[in-house]
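Computed from a predicted model, the values in this text were never measured in an experiment.
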Amino acid sequence: MKTPAGRGEPAGDGYVPSARRIERERFKRARARRATAVAALSTLVTAAVLFVVITGSPGWPRTRDTFFSAAYARKALPQVLDGLLLNLRLLVVCGAAVLVLGLLLAVARTLRGPVFFPLRALATAYTDFFRGLPLIICLLMVVFGVPALRLQGVTTDPVVLGGTALVLTYSAYVAEVFRAGIESVHPSQRAAARSLGLSSGQALRFVVLPQAVRRVVPPLLNDLVSLQKDTGLVSIAGAVDAVYAAQIMAGKDFNFTPYVVAGLVFVALTIPMTRFTDWVTARTDRRRAQGGLV
């Protein structure tokens, strides 16, 4: 029974939580506060122990001067940030190319019919080869092997060749992610689309792929995080990115602090992307659990 408004009493449905429920909620809040306090205390104790062990080691003074020099860090940071622009450009360009090529490979592997067997075989061979080939070897083969061929009209730019190697490797991984998403769509979706008069290509484009892409967004973001880190490997080709800029400074002064600065810069970029990936994953799981995703 609702209480009429305007008579000094709150309007509503008259619900009053029971004493047991109030006590249970109070207990949950107290347990959450206790868990937070224990976690914070254990973290502080662990950090203190690590600090004492590391700073108390015999070689700590030399290690501090060689790897954690504040003066060298301030000196190296501008050059590392200048080189980081190349890593970011590689991330954007290679990321777009990887998504397109990976999707094409995934579609080729899921084509039906004997007429598409050669295309499926080529896509499978490509995926298996570049997933099994270590990225560093792929970079070395492309960066040093392609210029050795002396082909007319083929670039020898280390940035382009390094980016090509990244695309070749990561497109194989992304293709498998897309293929898993495509095959996770129930066959009834494709059958329903065909029954409405759509062709096989239209059913794939308008029905299957939109569902597949939504399902694989979290693993795709994880691959993007890995690609962001691996753009630093183009330094082996001589491209002046953040890693190579740190290597140049370390070679001049025989101090490895620039490497630490470059590593921290990459970590600062990776952590927000990782947290965003976790948020997207949790949001997708919640929507799927509530029936919001097909």
Side-chain angles (χ1 to χ4, degrees), residues 88-133 135 138 160 163-228 230-231 272-294:
L88 295 177
R89 289 197 296 268
L90 280 171
L91 174 63
V92 173
V93 176
C94 294
V98 163
L99 291 176
V100 173
L101 182 56
L103 182 58
L104 293 176
L105 288 169
V107 171
R109 292 198 64 182
T110 56
L111 291 176
R112 301 176 179 180
V115 69
F116 295 114
F117 174 77
L119 191 59
R120 290 198 304 269
L122 288 175
T124 302
Y126 177 96
T127 303
D128 291 344
F129 179 78
F130 283 104
R131 286 181 70 199
L133 185 68
L135 175 57
C138 182
V160 176
T164 301
L166 290 173
V167 172
L168 290 174
T169 299
Y170 271 90
S171 60
Y173 289 99
V174 170
E176 286 299 283
V177 173
F178 276 126
R179 185 171 72 93
I182 293 173
E183 293 182 348
S184 69
V185 178
H186 198 274
S188 62
Q189 298 289 315
R190 192 188 299 265
R194 294 302 305 276
S195 67
L196 293 175
L198 275 67
S199 64
S200 297
Q202 290 174 332
L204 178 66
R205 177 183 175 185
F206 296 110
V207 177
V208 177
L209 284 182
Q211 298 182 55
V213 171
R214 285 198 300 269
R215 295 182 181 188
V216 299
V217 166
L220 286 178
L221 290 174
N222 282 325
D223 287 335
L224 185 64
V225 171
S226 298
L227 177 62
Q228 184 267 321
D230 286 340
T231 55
M273 295 175 64
T274 304
R275 297 287 76 79
F276 177 70
T277 302
D278 294 340
W279 177 80
V280 171
T281 302
R283 180 173 177 267
T284 303
D285 291 341
R286 288 195 302 268
R287 292 184 61 189
R288 184 176 291 112
Q290 295 171 0
L293 290 178
V294 179

Out of curiosity, Leu119 CG to Phe117 CZ, how far, rounded to the nearest 0.5 Å?
11.0 Å
Write down the atom of Phe130, the atom of Tyr173, and the distance for their closest heavy-atom approach.
O-CE1, 4.5 Å
Quick check: closest heavy atoms across Val216 and Gly181, and the distance to 0.1 Å?
CG1-CA, 3.5 Å
At their closest point, which heavy atom of Leu227 faces which heavy atom of Cys94, and how far apart are they?
CD2-C, 4.2 Å
Assess, by modelled atom type and distance only, whether the side chains of Ser171 and Tyr126 contain a donor and an acceptor separated by less than 3.5 Å.
yes
What's the spacing between Phe116 CZ and Thr110 OG1 if we round to 0.5 Å?
10.5 Å
Rounded to the nearest 0.5 Å, what's the gap from CG on Asp128 to CG on Leu133? Could you check?
12.5 Å
Heavy-atom closest pair, residues Ala165 and Cys138:
O-SG, 3.9 Å
Side chains of Tyr170 and Leu224: closer than 4.5 Å at any heavy-atom pair?
no
If you take all heavy atoms of Ser195 and Ala192, which pair is closest and at what distance?
OG-O, 2.6 Å
Would you say the side-chain atoms of Arg190 pair up with the backbone N or O of Ser200, donor to acceptor, closer than 3.5 Å?
no
Check against side-chain contact (heavy atoms from CB on, under 4.5 Å), Thr169 and Val98
CA-CA 9 Å; Thr169 299; Val98 163; over 6 Å; no
Are side-chain heavy atoms of Phe178 and Val213 found at a separation under 4.5 Å?
yes
Residue pairs passing the salt bridge (Lys or Arg N to Asp or Glu O under 4.0 Å) test with at least one member in residues 166-183, sequence neighbours excluded, are Arg109-Glu176, Arg131-Glu176, Glu176-Arg179, Arg179-Glu183
Interatomic distance, Thr277 atom OG1 to Arg275 atom CZ [nearest 0.5 angstrom]:
8.5 Å
Value for CG (Asn222) from CG (Asp278), rounded to nearest 0.5 Å, stands at 7.5 Å
Ala212 to Val185 - nearest heavy-atom pair and separation
N-CG2, 4.0 Å
Pairwise distance CG(Leu221) to OG1(Thr274) - rounded to 0.5 angstrom:
10.0 Å
Considering only heavy atoms from C-beta outward, does the side chain of Leu103 approach that of Leu209 to under 4.5 Å?
yes
